[in-house]
Amino acid sequence: MATSTSTNIGVDEDTAKRLLHQMMLIRRFEEKAAENYALGNIGGFLHLSIGEEAVAVGVTSMLRPDDYVISTYREHGHCLAKGSDPKRMMAELFGRRDGLSKGKGGSMHLFDKSVNFLGGHAIVGSHLPVAAGVGFAIKYQGGDQVCVCYFGDGAVAEGEFHESLNLVSLWKLPVIYICENNRYAMGTSLERALAETEIYKFGQAYKIPSEPMDGMDVLAVREATGRAIERARTNKTPVLLEARTYRFRGHSMRDPAGAVYRTKDEVEHEKLRDPILLFRERVLGAGTVSVADVQGIEKDVNDLVDEAVAFADASPEPPSEWLFTDIYRD
Amino acid sequence: MATSTSTNIGVDEDTAKRLLHQMMLIRRFEEKAAENYALGNIGGFLHLSIGEEAVAVGVTSMLRPDDYVISTYREHGHCLAKGSDPKRMMAELFGRRDGLSKGKGGSMHLFDKSVNFLGGHAIVGSHLPVAAGVGFAIKYQGGDQVCVCYFGDGAVAEGEFHESLNLVSLWKLPVIYICENNRYAMGTSLERALAETEIYKFGQAYKIPSEPMDGMDVLAVREATGRAIERARTNKTPVLLEARTYRFRGHSMRDPAGAVYRTKDEVEHEKLRDPILLFRERVLGAGTVSVADVQGIEKDVNDLVDEAVAFADASPEPPSEWLFTDIYRD
Amino acid sequence: MAVMTYRDALNLALREEMQRDPRVFVIGEEVGLYEGAYKVTQGLLKEFGPRRVVDTPIAESGFTGVGIGAAMVGLRPVIEMMTFNFALLALDQIVNTAAKMNYMSGGQYNIPIVVRGPGGPAHQLAAQHSQSMEVYFYHVPGLKVVRPSTPADAKGLLKSAIRDDNPVIFIESETLYAIKGEVPEDPDFTIPLGQAVVRREGTDVTVVAYMGMMYRALEAAEALDKEGISVEVVDPRTLRPMDTETIIGSVRKTHRAVVVEAGAGFAGMGSEIAAFITEQAFDDLDAPVDRVTGANAPMPYARNLEKLKTPTKEKIIDAVRRVCNANGS
Amino acid sequence: MAVMTYRDALNLALREEMQRDPRVFVIGEEVGLYEGAYKVTQGLLKEFGPRRVVDTPIAESGFTGVGIGAAMVGLRPVIEMMTFNFALLALDQIVNTAAKMNYMSGGQYNIPIVVRGPGGPAHQLAAQHSQSMEVYFYHVPGLKVVRPSTPADAKGLLKSAIRDDNPVIFIESETLYAIKGEVPEDPDFTIPLGQAVVRREGTDVTVVAYMGMMYRALEAAEALDKEGISVEVVDPRTLRPMDTETIIGSVRKTHRAVVVEAGAGFAGMGSEIAAFITEQAFDDLDAPVDRVTGANAPMPYARNLEKLKTPTKEKIIDAVRRVCNANGS
Ligand SMILES: Cc1ncc(C[n+]2csc(CCOP(=O)(O)OP(=O)(O)O)c2C)c(N)n1
Ligand SMILES: Cc1ncc(C[n+]2csc(CCOP(=O)(O)OP(=O)(O)O)c2C)c(N)n1
Ligand SMILES: [Mg+2]
Ligand SMILES: [Mg+2]
């Protein structure tokens with residue numbers, strides 16, 4: 001089954017600008033994060049989603065604010081797209097007091113209750129059952145939200161993938177599982193990890209409607225996700241989507257562009273389908289936005305990210321007492 | 001897909017007698033075990049496979065002695081069919097020094113290295129990856145054995161089912177997974193546990209050849225298993241078989257015939273397809289064995305089981321020092 | 001007050017809390033139609049229906065994660081482990097997700113769940129089904145761990161656990177479900193987590209024990225009374241947070257302590273209790289704290305070996321005599 | 001003798017044992033093509049090929065079970081946990097299957113596996129990726145648990161672990177991979193499991209510590225030397241079985257003990273060590289055993305908070321002063 005590519009341009013000017021703005025914001029945010037990692041302002045693991053922005057932006061553009069999103073450690077884009085404040089996000093990456101998680105979580109553990117962003121989880125596969133629980137609660141409470149759960153192709157081999165898909169199908173829960181298939185789990189390519197590399201096909205085993213989508217085409221993502229959300233919201237049933245995408249950088253800042261397990265040529269070839277370039281050319285070509293608009297957006301995201309970095313830099317370290325706060329809620 | 005039922009009778013007299021003997025031996029062994037549980041000679045959990053004998057006997061009749069078998073806590077039949085001594089098995093159930101596991105394992109943990117029976121495992125799903133490891137070792141050592149892994153329908157919902165099937169398919173390991181689908185996991189029926197109740201179909205997701213078989217028809221089991229073993233042994237690849245069977249007794253001796261979750265009628269109806277009766281009528285009808293032969297077998301298995309009970313009863317308790325032996329191998 | 005079994009006390013606690021708070025639901029294997037492998041959830045499906053009494057497939061990590069997710073967005077699940085032996089399959093969910101979420105999110109997402117079920121030595125269930133499981137939990141910051149020894153505690157502590165805003169590991173015992181005791185019927189009756197209780201007053205030696213071991217300790221105390229040795233028995237009830245004050249207070253009075261635990265001794269609960277008693281009451285101790293623990297072996301199936309695996313009244317009596325005959329006093 | 005890093009010492013041990021015994025193979029995530037997330041298995045794929053250096057999908061329970069099954073029928077797998085944080089997903093396999101199999105089978109099926117990888121505090125990896133994991137293993141009968149602090153120990157103990165006929169949990173440290181030290185090149189060099197070592201001789205107080213804490217302890221000892229306090233540092237190296245004799249022997253000499261551990265203190269390794277020292281050397285002790293442990297909290301990400309979480313040289317110095325100024329002598 002070929003991934004469905006978006007047919008017509010089908011976005012108005014505002015939407016086009018918004019999508020472009022968000023994708024460019026994520027890109028810029030992560031480029032600056034990388035810089036600050038090199039400068040030592042950010043520590044630990046830092047996983048960039050550069051190249052995968054169309055998924056986060058396309059999916060979230062179809063969600064309602066009261067819908068839930070839960071993700072992995074590669075979640076900057078998902079968190080930004082859901083509407084989190086870049087300042088507080090960057091402050092979290094810096095490990096500062098004004099960070100989303102008060103500096104206690106870091107890049108892998110961004111949480112933002114104000115926008116229903118349920119976190120940043122770093123044990124591969126562990127948040128898939130949690131997402132099922134969110135779907136369970138939505139149904140229990142009689143709500144009509146959906147829960148979107150992003151995970152990587154590497155998580156497919158974990159037992160929790162199977163347990164979760166069986167449960168959401170058995171119980172008919174409004175959860176949309178979105179596999180960001182970037183073809184590698186660290187240094188392990190799909191073929192070396194999965195007996196079935198067309199991940200969306202696993203949906204069939206659980207009687208869950210599923211489809212692949214071009215994760216480099218933000219409009220294709222919108223179309224497939226739109227169908228999925230519609231179905232999940234009305235029938236209160238799960239959907240499995242496979243976004244075919246690619247990670248332009250290394251697995252984390254500690255993995256130099258992944259030289260060992262993939263070729264430079266492959267990476268360069270994939271970069272030709274940079275989701276931001278693709279969409280920009282498209283909307284420019286269609287005349288939906290102008291070059292001036294694009295430059296305006298560029299300036300705006302640069303400013304936003306500069307502010308975020310300045311804010312993070314100015315935010316103090318968390319006070320020592322905070323080591324012992326938030327262990328328990330009393 | 002309907003389960004393939006055996007076409008012609010296709011067994012010679014010796015085979016017919018052997019199959020009947022083994023099924024009747026298992027039946028008798030477990031009936032006596034139940035009696036001795038009531039008498040307090042056997043403690044803990046006791047899970048009977050009465051009604052499911054055709055699977056253990058049909059499958060094992062197609063195996064070589066050097067092939068491996070690994071199973072669950074409902075393993076008496078699998079262990080007997082693989083060739084274990086009923087005396088030492090019963091002694092193990094009694095918790096005595098001459099038991100297969102020196103009395104330390106009990107009914108749920110029968111192990112017999114002399115016949116390549118890799119145990120009795122009581123954490124649902126946990127032995128499926130272990131079976132994959134046995135297949136891995138066979139290939140590593142360049143052997144041509146296969147490993148048969150029995151598990152229940154309840155194990156299908158566990159993550160280890162998924163992890164194991166993916167691994168054996170990805171690595172092409174000679175493992176034959178045989179689901180003894182008796183339609184209930186304790187009090188939970190298939191429909192309440194699995195999004196896909198035709199368990200063999202899960203094989204497709206992992207590109208593993210799979211088929212259902214009539215688990216009440218020992219010849220059907222032999223045919224399907226024969227195909228599977230042939231394939232696994234020559235190609236060194238996995239197979240998934242679903243044996244459609246039924247448990248005539250309760251989940252364990254503590255579950256009174258399972259009155260809550262299934263009807264008496266259902267149980268009575270299923271008993272009409274008692275695998276021993278079915279096969280006996282068949283071979284008698286075909287004139288493959290005589291009534292006298294059947295009576296002879298009956299007497300023989302009764303004697304064997306009586307001996308086993310007598311042996312177990314006479315075997316002393318394990319010496320106190322054994323509490324601390326076998327914790328480590330030095 | 002009414003006399004009821006430990007099992008019924010748990011059942012009553014669940015019932016009352018489900019009536020009190022619509023966000024509370026029960027989820028696990030066989031909790032509904034089958035009414036619980038050990039019948040703790042008897043009648044709940046009939047009273048509250050399948051929406052709030054949820055039968056699951058055998059997928060411990062899966063349904064524990066479901067409970068955690070539900071708790072993130074406003075529900076208060078009570079997750080039953082058919083037995084705690086199976087909780088190892090859900091341990092990552094409990095330790096890495098539930099216990100750390102409030103901390104990792106800077107206090108945004110607390111996880112009000114109770115994971116409950118029987119644990120500890122049972123009858124001839126052998127190595128995989130008969131083991132003390134609390135050891136995998138009480139070390140973990142972010143978790144609370146409860147081991148209720150009596151019907152009244154079972155009710156009062158389970159109610160507190162359900163009302164608590166944090167993940168609480170609540171480990172019952174197959175061997176105690178049938179015991180009877182006085183239980184307050186008042187639906188407002190609760191016992192705060194983190195409070196130990198003196199089960200028996202005494203002056204010569206403090207014995208710290210919980211669950212089945214607590215009853216062995218009381219029997220030992222009776223017997224020792226006849227020898228003129230007065231034993232005080234303290235039951236921690238909650239292992240995390242541990243009520244060190246009550247235990248230390250008792251030891252300062254008796255100057256001697258014996259710690260009993262069913263589990264294999266090495267690096268168990270007894271190690272910690274012995275260690276903090278020694279640290280905090282060193283100068284009050286007339287003898288080193290003595291530990292009586294389960295044999296350092298897996299649980300054997302054979303009845304005679306099984307008896308040797310778990311501490312007996314006699315072993316406790318010997319230990320008390322040892323500390324009383326030790327130097328000092 | 002050659003000077004090499006802790007990482008290279010481990011690599012050499014793997015190489016030598018794979019050369020020595022064709023039944024030994026390495027399996028885990030990224031151990032082959034990627035040569036190990038921390039490069040411990042560098043070059044192994046090239047030398048031994050994909051048959052013996054096996055890359056796995058992300059399925060910890062699955063590939064750990066594969067190792068156990070392979071061990072049942074004659075192989076000797078070395079299973080790499082990319083980090084031990086993920087071992088919780090395989091804990092049921094390790095505890096309920098590997099550790100109990102020899103016992104449950106009456107000695108028929110021993111499980112000669114090594115589960116190895118880094119564990120313990122790392123640098124700003126936060127709560128899920130920076131924790132002391134040995135606590136989940138050293139309580140378990142049937143397992144052996146090793147924590148090697150130096151390059152020489154890394155090599156000698158890993159070789160013994162691979163040759164051992166039982167499941168061995170071998171937990172390294174991300175923060176030690178780069179340290180250098182003298183390592184015997186003799187392929188027959190091994191260090192027996194279960195032997196502690198005195199890292200530094202002293203007469204006034206015994207400090208028990210392993211891994212990073214052992215180095216903090218040595219630094220503390222240096223500093224205290226200048227104050228005229230002579231510190232003996234003992235490294236257990238193997239946590240299970242624990243070499244109590246060497247530790248007790250040292251305490252009988254110094255009459256004082258401080259136990260250091262990186263993990264959250266409550267019911268950790270320090271509790272057990274403090275408990276058995278007190279039991280076995282009570283009359284020799286001039287002061288209660290003091291424990292220096294990690295803060296009782298999850299690991300925070302922020303650099304400043306992370307520093308406060310794990311014991312420092314200063315904390316150890318304070319503890320030593322405390323026990324030295326305590327009553328007695
Ligand atoms: C249970 C578990 N095992 C291993 C790891 C180490 N690890 C972190 S990310 C990763 C690769 C995940 O790949 P994928 O799911 O494809 O997501 P991607 O990084 O490509 O976005 C691994 C193995 C982990 N965090 N959790
Ligand atoms: C991991 C785990 N969870 C729960 C149990 C308790 N338990 C024992 S048998 C069983 C039902 C298994 O049913 P199935 O797999 O269909 O096998 P059957 O008993 O029908 O042969 C359950 C839930 C267990 N032993 N292990
Ligand atoms: Mg990936
Ligand atoms: Mg079944």
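Source: prediction; values computed, not measured. In what follows, every chain begins at residue 1, and chains take the letters A, B, ... in the order their sequences are listed.
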Taking all non-hydrogen atoms of both residues into account, name the closest pair between [X] and [Y] and its distance.
X        : Y        : value
D:Val73  : B:Tyr68  : CG1-CE2, 3.4 Å
D:Tyr109 : B:Lys113 : OH-CA, 3.2 Å
D:Asn102 : B:Arg329 : OD1-NH2, 3.7 Å
D:Met104 : B:Phe111 : O-CD1, 3.9 Å

Contacting moiety of [X], where chain B heavy atoms sit under 4.5 Å:
X        : value
D:Asn110 : both
D:Gln108 : both
D:Ile27  : side chain
D:Thr56  : both
D:Thr97  : side chain
D:Asp165 : both

Count the heavy-atom pairs under 4.5 Å between each of [options] and chain B, then report the option with the highest count.
options                              : value
D:Pro22, D:Gly142, D:Pro167, D:Gly67 : D:Gly142
D:Ser105, D:Ala59, D:Ala71, D:Pro77  : D:Ser105
D:Leu143, D:Asn96, D:Ile58, D:Ile68  : D:Leu143

Please report the interatomic distance OH(B:Tyr328) to CD1(D:Ile111), rounded to the nearest 0.5 Å. 14.0 Å
Please round to the nearest 0.5 Å and tell me the distance separating atom CZ of B:Phe324 and atom OH of D:Tyr103. 7.5 Å
Quick one: of B:His162, B:His121, B:Gln141, who has the most non-hydrogen atom pairs under 4.5 Å with chain D? B:Gln141
Just checking, any donor-acceptor pair under 3.5 angstrom between side chains of D:Arg52 and B:Tyr140? yes
D:Glu245 CD: over 12 foreign heavy atoms closer than 6.0 Å: no
Under 4.5 Å heavy-atom distance to chain D, tell me which part of B:Leu118 shows up: side chain, backbone, both or neither. both
Quick one: what part of B:Phe161 sits under 4.5 Å from any heavy atom of chain D, side chain, backbone, both or neither? neither
Any side-chain heavy-atom pair from B:His109 and D:Lys100 closer than 4.5 angstrom? no
Chain D contacts: which residues in residues 126-138 of chain B have a non-hydrogen atom closer than 4.5 Å to it? B:Ser126, B:Pro129, B:Val130, B:Ala132, B:Gly133, B:Val134, B:Phe136, B:Ala137
Are there residues of residues 163-173 of chain B that reach to under 4.5 Å of chain D by heavy atoms, and which ones? B:Glu163, B:Asn166, B:Leu167, B:Leu170, B:Trp171
